[in-house]
Amino acid sequence: MIKFVCAKDYDEMSRKAANVISAQMIMKPNSVLGLATGSTPIGTYKCLVERYEQGDLDFSQITSVNLDEYRGLTHDNDQSYYYFMNDNLFSHVNIDKNNTYVPDGTIADADEACKQYDAIVAASGGADLQLLGLGHNGHIGFNEPAEVFPKGTHCVDLTESTIKANARFFASIEEVPTQAYTMGIQTIMSAKKILLVASGADKADIIEKAFFGDVTPWVPASILQLHQDVTVVGDEAAFAKIIDKI
Ligand code: F6R
């Protein structure tokens, strides 16, 4: 079942998404949180940090498993997702960093890196709540449009549209890594709950396609229509094309 929560703007979307994560943490203090990077969840992480600072949230028993990482970026590279997570969340709350996991982009052997990460996710028991952003081409994690839905962690060649979208964070487009390790669709779908956040008019088309179009690996997020517990928190701009249907 998909529940749509429409927010006025980015800030309200962030607060509402943080509400869902906070509720999960309060109801189950030792939750496994599946986490995402990208621009969209930055405000959500900021809200979580504020609530931690106010004494309302406790991360001490939380385990986190991130969706993806660029292949080849070291942990101290400020564009690595490892760096992003520390910078935006982990360094500001009382999470035990030994319980935070991001696919290891420094492992050159892709099969080994993916095998190791699948074992980590399996050992964690899987995500109680998986946070997702949404790519303009419908990707979730870095599961790009393809002929089939990939199952476990795998190495992907990023599409041109993803490389272009991510170039804004790098000095030049040539510096954007062309490959990433990402959790697979089966792993994402195994999360007990899913929370997808989307903001801005540029996401309106893909929100409509993903949640009201056909379920197809050419729009990877469309598989979420088959999950039993999905909450989509979006702002009015991102929901512009679905507002009459929800
Ligand atoms: C990030 C990730 C990606 C992003 C997506 C949207 O860990 O897995 O799927 O969620 O590319 O990115 P933004 O939020 O920057 O539009």
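Every number for a ligand or one of its atoms is a count from 1 in the order of the listing.
- Within the structure, salt bridge (charged side-chain N to carboxylate O under 4.0 Å, His left out) pairs that include any residue of residues 155-184 comprise Glu160-Lys164 (at least two apart or interchain).
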* **Residue pair Lys97, Asn86: steps toward the side-chain hydrogen bond (donor to acceptor under 3.5 Å, both in side chains) verdict** => CA-CA 9 Å; Lys97 285 200 185 173; Asn86 281 287; 3.1 Å; yes
Under 3.5 Å, side-chain donor or acceptor atoms of residues 239-246 against the rest of the protein: list the pairs with distances, not counting sequence neighbours.
residue : atom : partner : partner atom : Å
Lys241  : NZ   : Asp205  : OD1          : 2.4
Lys245  : NZ   : Glu208  : OE2          : 2.9

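- Using a distance-only test at 3.5 Å, with no hydrogens or angles considered, a donor-acceptor pair links the side chain of Tyr181 to the main chain of Ile107.
- When heavy-atom distances to ligand 1 are checked against 4.0 Å, the residues falling inside are Ala36, Thr37, Gly38, Ser39, Thr40, Leu67, Asp68, Gly133, Leu134, Gly135, His139, Gly141, Arg168, Lys203, ordered by chain and number.
- Aromatic pair Phe59/Phe90: centroids not less than 6.0 angstrom apart.
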Just distance, no hydrogens or angles: give the donor-acceptor pairs under 3.5 Å from side chains in residues 191-203, sequence neighbours left out.
residue : atom : partner : partner atom : Å
Lys192  : NZ   : Asp128  : OD1          : 3.2
Ser199  : OG   : Asp235  : OD2          : 2.7
Asp202  : OD2  : His136  : NE2          : 2.6
Lys203  : NZ   : Leu134  : O            : 2.9

